[in-house]
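Predicted, not measured: the structure shown is a model, and the values here were computed from it.
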Amino acid sequence: MSSRERRKKMTAHSAGKTIGFIGIGVMGKSMAAHLMKAGYEVLVYNRTKQKAEELLAQGAVWKDRVAELAAEADVIITMVGYPKDVEEVYLGQAGIVAHAKPGSYLIDMTTSKPSLAQKIYEEAKKRSLHSLDAPVSGGDVGAREARLTIMVGGDTETFEAMEPTFKLMGTNVILQGGPGAGQHTKMSNQIAIASNMIGVCEAIAYAKKAGLDPVTVLKSIEAGAAGSWSLSNLAPRMIAGNFAPGFYIKHIIKDMSIALEAAKEMGLATPGLELSLSLYQGLAAQGLEDNGTQALIKWYDKHFGENA
């Protein structure tokens with residue numbers, strides 16, 4: 001299918017449908033923009049209206065309350081911060097489940113607790129609402145370029161109905177199982193990233209100590225067996241001293257804490273996850289929680305840098 005035919009098909013799918021998007025952050029803004037470009041009418045809500053101004057200038061419609069947005073949208077997508085935010089937005093008295101139209105689709109793309117995803121599914125089902133948990137991976141770059149990996153949990157029919165919408169935001173969209181399966185998959189993703197980020201930092205620290213140019217070293221090792229998304233996308237930022245958040249330290253701490261809790265509930269030991277979490281918590285204690293996750297290199301620079 002040509003790109004023109006694909007756009008035509010997506011526009012037909014979006015005709016007459018309204019999407020409500022809650023959470024216009026680093027990633028949410030780009031994701032909502034892709035939906036608008038595909039022809040959806042997009043309603044937006046964010047705790048800080050200023051963050052939505054760019055989307056509003058492009059034609060998005062602002063809603064002052066979650067309940068108001070939920071009552072008008074056919075599909076409601078959330079991309080908020082923490083499980084407590086997810087619970088309030090969905091299950092609070094002024095939340096989505098209480099005010100959405102029967103038959104609406106609810107898609108939580110926040111990284112949150114699998115048990116909470118299951119709870120939202122059950123409460124939504126009581127009100128004839130269709131719920132999916134669909135956390136993502138790919139960071140700010142993946143969101144901006146519509147190349148996110150989207151890990152979905154929920155009913156097959158609900159997933160199939162929403163798959164064309166997901167594919168406007170991501171290229172790797174997979175139904176992993178029933179309610180909560182998307183969140184469990186994201187925990188596996190974060191566990192893999194946790195230890196990998198330590199490896200990336202240590203590789204750069206070693207190259208510097210050996211008197212090598214880390215930029216040149218990166219050209220060699222990212223093309224071989226050591227290659228990873230973090231090595232290719234975040235190591236250059238580390239080397240350049242660019243710690244702007246594609247993904248916040250405070251959010252990776254949240255994700256790793258959820259993963260550690262779930263792993264312990266299953267009786268699984270995750271020493272790599274525990275070490276990574278402790279290092280990031282140390283950075284947060286220094287006031288660096290709003291840095292990007294690549295700022296983990298600061299721990300190595302402090303302890304093993306030229307002036308250490």
Side-chain angles (χ1 to χ4, degrees), residues 19-29 31-32 43-48 51-52 63 65-71 73 75-100 104-127 129-139 143 148-155 158-159 162 165-166 169-170 176-190 247-262 265 289:
I19 291 183
F21 206 107
I22 298 172
I24 310 301
V26 173
M27 297 175 68
K29 181 171 69 173
M31 294 161 70
L43 315 177
V44 296
Y45 171 83
N46 196 68
R47 283 182 295 190
T48 306
K51 292 184 178 180
K63 293 298 173 181
R65 298 182 299 117
V66 169
E68 182 184 359
L69 180 149
V75 179
I76 302 158
I77 298 174
T78 52
M79 190 72 167
V80 296
Y82 297 86
K84 61 181 176 59
D85 301 316
V86 174
E87 186 161 18
E88 180 183 353
V89 164
Y90 277 92
L91 303 178
Q93 290 185 349
I96 294 168
V97 172
H99 294 275
S104 297
Y105 291 85
L106 317 182
I107 305 172
D108 183 30
M109 304 188 80
T110 315
T111 299
S112 183
K113 293 184 178 181
S115 59
L116 179 55
Q118 293 165 349
K119 183 178 180 181
I120 291 170
Y121 172 87
E122 293 298 336
E123 293 302 314
K125 191 174 182 180
K126 292 175 185 177
R127 294 178 177 265
L129 302 169
H130 310 288
S131 173
L132 295 170
D133 50 287
V136 304
S137 180
L148 291 171
T149 288
I150 305 176
M151 312 158 219
V152 189
D155 296 335
T158 303
F159 170 75
M162 289 293 98
T165 304
F166 284 134
M169 300 177 283
Q176 294 291 341
Q183 297 295 355
H184 276 304
T185 304
K186 183 60 185 289
M187 292 303 103
S188 294
N189 184 83
Q190 300 307 74
F247 193 63
Y248 289 103
I249 283 177
K250 60 187 177 185
H251 288 162
I252 195 67
I253 288 174
K254 177 261 294 185
D255 292 358
M256 289 192 289
S257 298
I258 294 171
L260 188 59
E261 178 183 334
E265 288 174 356
E289 66 272 11

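Electrostatic pairing of K126 and E123 counts as a salt bridge here, judged by a charged N lying under 4.0 Å from a carboxylate O.
Taking all atoms of both residues into account, the shortest heavy-atom contact from N189 to S137 is ND2-OG, 3.4 Å. Between P135 and K186, the shortest heavy-atom contact is CG-CB, 3.6 Å. Pairing each heavy atom of A98 with each of G92, the nearest pair is CB-O, 4.3 Å. Closest approach of D255 and F247 over heavy atoms only: OD2-CZ, 3.2 Å. Nearest heavy atom pair, residue A73 against residue G20, reads CB-N, 3.5 Å. Summarising the geometry of S131 relative to I120, their closest heavy-atom pair is OG-CG2, 3.7 Å, with the distance given to 0.1 Å.
Counting heavy atoms from C-beta outward, T158 and Y105 have side chains that approach closer than 4.5 Å. Between I22 and I96, the closest side-chain pair of non-hydrogen atoms falls below 4.5 Å.
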Worked check of side-chain contact (heavy atoms from CB on, under 4.5 Å) between E289 and I253: CA-CA 9 Å; E289 66 272 11; I253 288 174; 5.8 Å; no

Stepwise, does the side-chain contact (heavy atoms from CB on, under 4.5 Å) test hold for N46 with V44? CA-CA 7 Å; N46 196 68; V44 296; over 6 Å; no

Could you walk me through whether T111 and Q183 pass side-chain contact (heavy atoms from CB on, under 4.5 Å), step by step? CA-CA 7 Å; T111 299; Q183 297 295 355; 4.3 Å; yes

Can M109 and L148 be said to form a side-chain contact (heavy atoms from CB on, under 4.5 Å), step by step? CA-CA 11 Å; M109 304 188 80; L148 291 171; 5.6 Å; no

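Here M162 contributes atom CE and I19 contributes atom CD1; the two are 7.5 Å apart, rounded to the nearest 0.5 Å. Rounding to the nearest 0.5 angstrom, the gap separating the CD atom in E122 from the CZ atom in R127 is 14.0 Å. Rounding to the nearest 0.5 Å gives a distance of 5.5 Å between CG of L132 and CD1 of I107. Separating the CD1 atom in I76 from the CG atom in L129 is a distance of 7.5 Å, to the nearest 0.5 Å. Within the model, atoms CE of M187 and CE of M151 stand 9.0 Å from one another, a figure rounded to the nearest 0.5 Å. The NZ atom of K84 sits 11.0 Å away from atom CD of E87, with the distance rounded to the nearest 0.5 Å.
Looking only at distances, a side-chain donor or acceptor of H99 sits under 3.5 Å from a matching main-chain atom of Q93.
Ring pair H251/Y248 is perpendicular by interplanar angle, where above 60° counts as perpendicular and below 30° as parallel.
Partner of D85 under the salt bridge (charged side-chain N to carboxylate O under 4.0 Å, His left out) criterion, chosen from R47, K254, K113: R47. Each of L91, D133, T110 was compared with V86 under the side chain to side chain contact (heavy atoms under 4.5 Å, CB included) criterion, and only T110 meets it.
Residue K51 qualifies as open at atom NZ: its count of foreign heavy atoms under 6.0 Å is 12 or below. Within 6.0 Å of atom CD in E88, 12 or fewer heavy atoms from other residues, nucleotides or ligands are found, so the atom counts as exposed in its surroundings.
Y121 and D155 share a donor-acceptor pair across their side chains, judged by distance under 3.5 Å alone.
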